[in-house]
*Asks:* 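First, the structure itself, so that you have it in front of you.
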Amino acid sequence: MPLLVNGERVDLSQPTRELIYTFPELEEQAKILRGQPAQSVGPKGLLYVQQREFAATTPKDASVSILGSDDATTCHLVVLRHTGSGAICLTHCDGSDTETEVLLITNAVKVLSPNTECGRLEVHLIGGFSDDRHLSQRLTNQLLRAFDRLQDNVHLVTFCVTELNDRQEKGKHLPFIYGIAANVKTGEIFHATFPDKGPDVDLRSASILTGAKMVNVYDSRKEQLCIGPYFWMPFPHVDFWLAQDDQHILQNLSTSPLAEPPHFVSHIRATLMYLKEHPFPDKTLFPSRKPWIYRKNESGLWEKVSSDQM
């Protein structure tokens, strides 16, 4: 079934710009979102989603009240919600396997929505900018086509991507919005930053850097964050990369060097060091091939309850 805006089929045979002309309300909604100051979201009740991860839950969740992700440049942040059940999923897509990823997040929401007769599926797309390599535009098109090919009707509500999320500063194109949060109880989407990105940041990033596919990191029925198990081969030339200066790392390990947040290089260095320290994660991190499990404690913060090493 088709991708819809206000009940009308989206014509994907035309350029994206035509979509904005046909449905000007999408541009108005994007302006409202861009006009919001970014809210700093603390760790209490937060489930932070990294690149190539997704998490889904419902308003009944007693542990997680906010889903969030940031540091998106050419990447897109996708929120899919069923208005009847309130089931909601957030993911951070980078174009690695968009069609499969859209199926994954749609199934995650449907599994948590036993009665799909009441309500509808709504999607919010945020991220990207007018980058030189047109990676953002390519990902926008992939996402629109993937949602249009689903068997279910999906209603496009927020469309703040690529040129609608682009600003210029000193001649450089940059995203307006790098991060968003989704309120699990209400479905509200808002501009956000996240000083705390949850547990095992370097481990999760190492998995991405070594080419892992998108994974679900949350079991909403048990209200548990599940990290891994992850497996990779020794990262090629890791000592070479660690010896490079910041500019070399930025230019060669980013899809958009001019638009990255200030902490990009330090984050990549920490990830590379993690890969150097753990060339064989099946031996040092996940010898029993079981995930590391976290639950929210009484303070609303993640606390490890099990791991391979416990």
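Numbering of residues begins at 1 and proceeds along the displayed sequence.
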*Asks:* A side-chain contact here means heavy atoms from C-beta on lying under 4.5 Å apart; do Leu67 and Val184 qualify?
*Replies:* yes

*Asks:* Provide the closest heavy-atom pair for Ala108 versus Phe54 in the form atom of the first, atom of the second, distance.
*Replies:* CB-CE1, 3.8 Å

*Asks:* Is there a donor-acceptor pair under 3.5 Å between the side chain of Arg81 and the backbone N or O of Glu188?
*Replies:* no

*Asks:* Any chance you could measure Tyr48, atom OH, to Leu90, atom CG, to the nearest 0.5 Å?
*Replies:* 10.0 Å

*Asks:* Which distance, rounded to the nearest 0.5 Å, do you find between the CD1 of Ile227 and the CG of Leu225?
*Replies:* 4.0 Å

*Asks:* Is a donor on one side and an acceptor on the other found under 3.5 Å between the side chain of His237 and the backbone of Phe235?
*Replies:* no

*Asks:* Does His82 reach the main-chain N or O of Gly84 with its side chain, forming a donor-acceptor pair under 3.5 Å?
*Replies:* yes

*Asks:* Rounded to the nearest 0.5 Å, what separation is found between the CG atom of Leu209 and the CG atom of Leu272?
*Replies:* 6.0 Å

*Asks:* State which residue, out of Leu144, Val123, Leu33, fulfils the side chain to side chain contact (heavy atoms under 4.5 Å, CB included) condition with Phe159.
*Replies:*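 Of all the options given, the one that passes is Leu144.
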
*Asks:* Is the side chain of Asp11 donor-acceptor paired with the backbone N or O of Ser13 at a distance under 3.5 Å, no angle test?
*Replies:* yes

*Asks:* Taking the side chain as every heavy atom from C-beta outward, state whether Ile88 and Val109 have any atom pair closer than 4.5 Å.
*Replies:*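 A side-chain contact is absent here, since even the closest heavy-atom pair is not under 4.5 Å.
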
*Asks:* Please evaluate residues Phe190 and Val41 with respect to the criterion side chain to side chain contact (heavy atoms under 4.5 Å, CB included), reporting the C-alpha separation (whole Å), side-chain torsions for both, the decisive distance (0.1 Å), and the verdict.
*Replies:* CA-CA 11 Å; Phe190 57 94; Val41 177; 4.0 Å; yes

*Asks:* For Glu99 and Arg149, what are the C-alpha separation, side-chain angles and deciding distance, and is it a salt bridge (charged side-chain N to carboxylate O under 4.0 Å, His left out)?
*Replies:* CA-CA 9 Å; Glu99 193 151 340; Arg149 289 179 183 143; 2.7 Å; yes

*Asks:* In Å, rounded to the nearest 0.5 Å, how long is the span from NZ of Lys304 to CG of Asn297?
*Replies:*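 Those atoms lie 14.5 Å apart.
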
*Asks:* Can you confirm whether Val215 sits close enough to Val217 that some side-chain heavy atom of one is under 4.5 Å from a side-chain heavy atom of the other?
*Replies:* yes

*Asks:* Is Asp246 salt-bridged to Arg269, going by a charged N under 4.0 Å from an acidic O?
*Replies:*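 A salt bridge links Asp246 with Arg269.
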
*Asks:* Salt-bridge test for Glu163 and Arg17: reply yes if a basic N is under 4.0 Å from a carboxylate O, no otherwise.
*Replies:*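 A salt bridge is present here (some side-chain N lies under 4.0 Å from a carboxylate O).
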
*Asks:* If you count heavy atoms of other groups shown closer than 6.0 angstrom to NZ of Lys213, is the number above 12?
*Replies:* no

*Asks:* For side chain to side chain contact (heavy atoms under 4.5 Å, CB included), just list the numbers for Leu47 and Ile66, CA-CA rounded to whole Å, side-chain angles, deciding distance to a tenth of an Å, and then say yes or no.
*Replies:* CA-CA 6 Å; Leu47 199 171; Ile66 295 287; over 6 Å; no

*Asks:* If I compare all heavy atoms of Ile177 with all of Cys160, which pair ends up nearest, and what's the gap?
*Replies:*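 For Ile177 versus Cys160, the nearest heavy atoms are CD1-SG, 4.2 Å.
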
*Asks:* Would you say the side-chain atoms of Lys296 pair up with the backbone N or O of Lys44, donor to acceptor, closer than 3.5 Å?
*Replies:* no

*Asks:* Consider only side-chain N and O atoms of Thr74 and Ser256, and report whether a donor and an acceptor are under 3.5 Å apart.
*Replies:*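 Ser256 and Thr74 do not have a side-chain donor-acceptor pair below 3.5 Å.
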
*Asks:* Closer than 3.5 angstrom, by distance alone: can the side chain of Ser85 be matched with the main-chain N or O of Ala87 as a donor-acceptor pair?
*Replies:*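 Yes, Ser85 side chain to Ala87 backbone: donor-acceptor pair under 3.5 Å.
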
*Asks:* Minimum heavy-atom separation for Gly68 and Leu46, please, with both atom names.
*Replies:*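 Where Gly68 meets Leu46 most closely, the heavy atoms are N-CD1, 4.1 Å.
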
*Asks:* Got a second to check how far Leu156's CG is from Glu25's CD, nearest 0.5 Å?
*Replies:*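 Interatomic distance, Leu156 CG to Glu25 CD, rounded to 0.5 Å: 9.5 Å.
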
*Asks:* Working to the nearest 0.5 Å, report the span between CD of Glu277 and CG of Leu285.
*Replies:* 10.0 Å

*Asks:* Check ring-ring contact (aromatic ring centres under 6.0 Å, His included) between Trp232 and all other residues, then give those that pass, not counting sequence neighbours.
*Replies:*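 If we apply the ring-ring contact (aromatic ring centres under 6.0 Å, His included) test to Trp232, skipping adjacent residues, there are no hits.
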
*Asks:* Check whether any side-chain heavy atom of Asp61 lies under 4.5 Å from a side-chain heavy atom of Glu223, and answer yes or no.
*Replies:* yes

*Asks:* Mark yes or no for whether Glu53, through its side chain, and Gln50, through its backbone, hold a donor-acceptor pair below 3.5 Å.
*Replies:*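 Flag set: sc Glu53 to bb Gln50 pair under 3.5 Å.
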
*Asks:* Flag yes if more than 12 heavy atoms outside Arg167 fall under 6.0 Å of its CZ atom; otherwise flag no.
*Replies:*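 It does: Arg167 CZ has more than 12 such atoms within range.
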
*Asks:* Step by step, work out the side chain to side chain contact (heavy atoms under 4.5 Å, CB included) result for Leu12 and Arg145.
*Replies:* CA-CA 7 Å; Leu12 296 180; Arg145 286 196 300 270; 4.3 Å; yes

*Asks:* List the steps and the verdict of side chain to side chain contact (heavy atoms under 4.5 Å, CB included) for Trp241 and Ile268.
*Replies:* CA-CA 10 Å; Trp241 286 111; Ile268 292 294; over 6 Å; no

*Asks:* I'd like to know if the side chain of Thr100 pairs up with that of Asp97 as donor and acceptor (distance under 3.5 Å, no hydrogens or angles considered).
*Replies:* yes

*Asks:* With a 3.5 Å distance limit and no angle check, can you tell me whether Asp245 reaches the backbone of His248 through a side-chain donor-acceptor pair?
*Replies:* yes

*Asks:* Using only atom types and a distance under 3.5 Å, with no angle test, would you say the side chain of Arg138 pairs donor to acceptor with the backbone of Gly95?
*Replies:*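 Checking the backbone N and O of Gly95 against the side chain of Arg138, no donor-acceptor pair under 3.5 Å is found.
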
*Asks:* Test: side chain to side chain donor-acceptor pair (under 3.5 Å). Region: residues 27-42. Which pairs qualify, not counting sequence neighbours?
*Replies:*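 Matches after skipping sequence neighbours: none remain.
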
*Asks:* Strictly distance-based, threshold 3.5 Å: is any side-chain N or O of Ser266 a donor or acceptor partner for the main-chain N or O of His263?
*Replies:* yes

*Asks:* Please determine whether side chain to side chain donor-acceptor pair (under 3.5 Å) holds for the pair His173 and Asp132, giving the CA-CA distance in whole Å, both sets of side-chain angles, and the decisive distance to 0.1 Å.
*Replies:* CA-CA 9 Å; His173 286 273; Asp132 292 341; over 6 Å; no

*Asks:* Locate the shortest heavy-atom distance separating Val49 from Ala55; write the atom from each residue and the value.
*Replies:*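 Closest approach of Val49 to Ala55, heavy atoms only: CG2-CB, 3.9 Å.
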
*Asks:* Does Gln51 form a side chain to side chain donor-acceptor pair (under 3.5 Å) with Asp94? I'd like the steps, not just the answer.
*Replies:* CA-CA 7 Å; Gln51 189 174 334; Asp94 61 8; 2.7 Å; yes

*Asks:* Any chance you could lay out the side chain to side chain donor-acceptor pair (under 3.5 Å) test for Thr162 and Gln137, step after step, and finish with the verdict?
*Replies:* CA-CA 6 Å; Thr162 310; Gln137 186 63 67; 4.7 Å; no

*Asks:* Please walk me through it: do Ser136 and Asp131 pass side chain to side chain donor-acceptor pair (under 3.5 Å)?
*Replies:* CA-CA 7 Å; Ser136 300; Asp131 64 282; 2.8 Å; yes

*Asks:* Looking at Asp148 and Arg9, is any side-chain nitrogen of the basic one under 4.0 Å from a carboxylate oxygen of the acidic one?
*Replies:* yes

*Asks:* So, for Pro175 and Ala259, which heavy atoms are closest and what is the spacing to 0.1 Å?
*Replies:*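 Minimum heavy-atom separation between Pro175 and Ala259: CD-CB, 4.0 Å.
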
*Asks:* Should Met273 and Leu242 count as side-chain neighbours, where that means a heavy-atom distance under 4.5 Å?
*Replies:* yes

*Asks:* Is the ring pair Tyr274/His278 parallel, tilted or perpendicular, if the boundaries are 30 and 60 degrees?
*Replies:*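 Correct class here is tilted.
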
*Asks:* Considering only heavy atoms from C-beta outward, does the side chain of Pro199 approach that of Trp302 to under 4.5 Å?
*Replies:* yes

*Asks:* Taking the side chain as C-beta and beyond, is there a heavy-atom pair between Lys197 and Asp70 under 4.5 Å?
*Replies:* yes

*Asks:* Do Ile208 and Met214 come close enough that some side-chain heavy atom pair is under 4.5 Å?
*Replies:* no

*Asks:* Taking the six-membered ring for Trp and the single ring otherwise, decide whether the centroids of Phe286 and Trp292 are under 6.0 Å apart.
*Replies:* yes

*Asks:* What pair of heavy atoms forms the shortest contact from Arg221 to Leu112, and how long is it?
*Replies:*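 Here Arg221 and Leu112 meet closest at NH2-CD2, 4.0 Å.
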
*Asks:* Please determine which of Glu101, Arg52, Gln142 meets the side chain to side chain contact (heavy atoms under 4.5 Å, CB included) test together with Cys93.
*Replies:*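 Of the listed options, the one satisfying the test is Glu101.
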
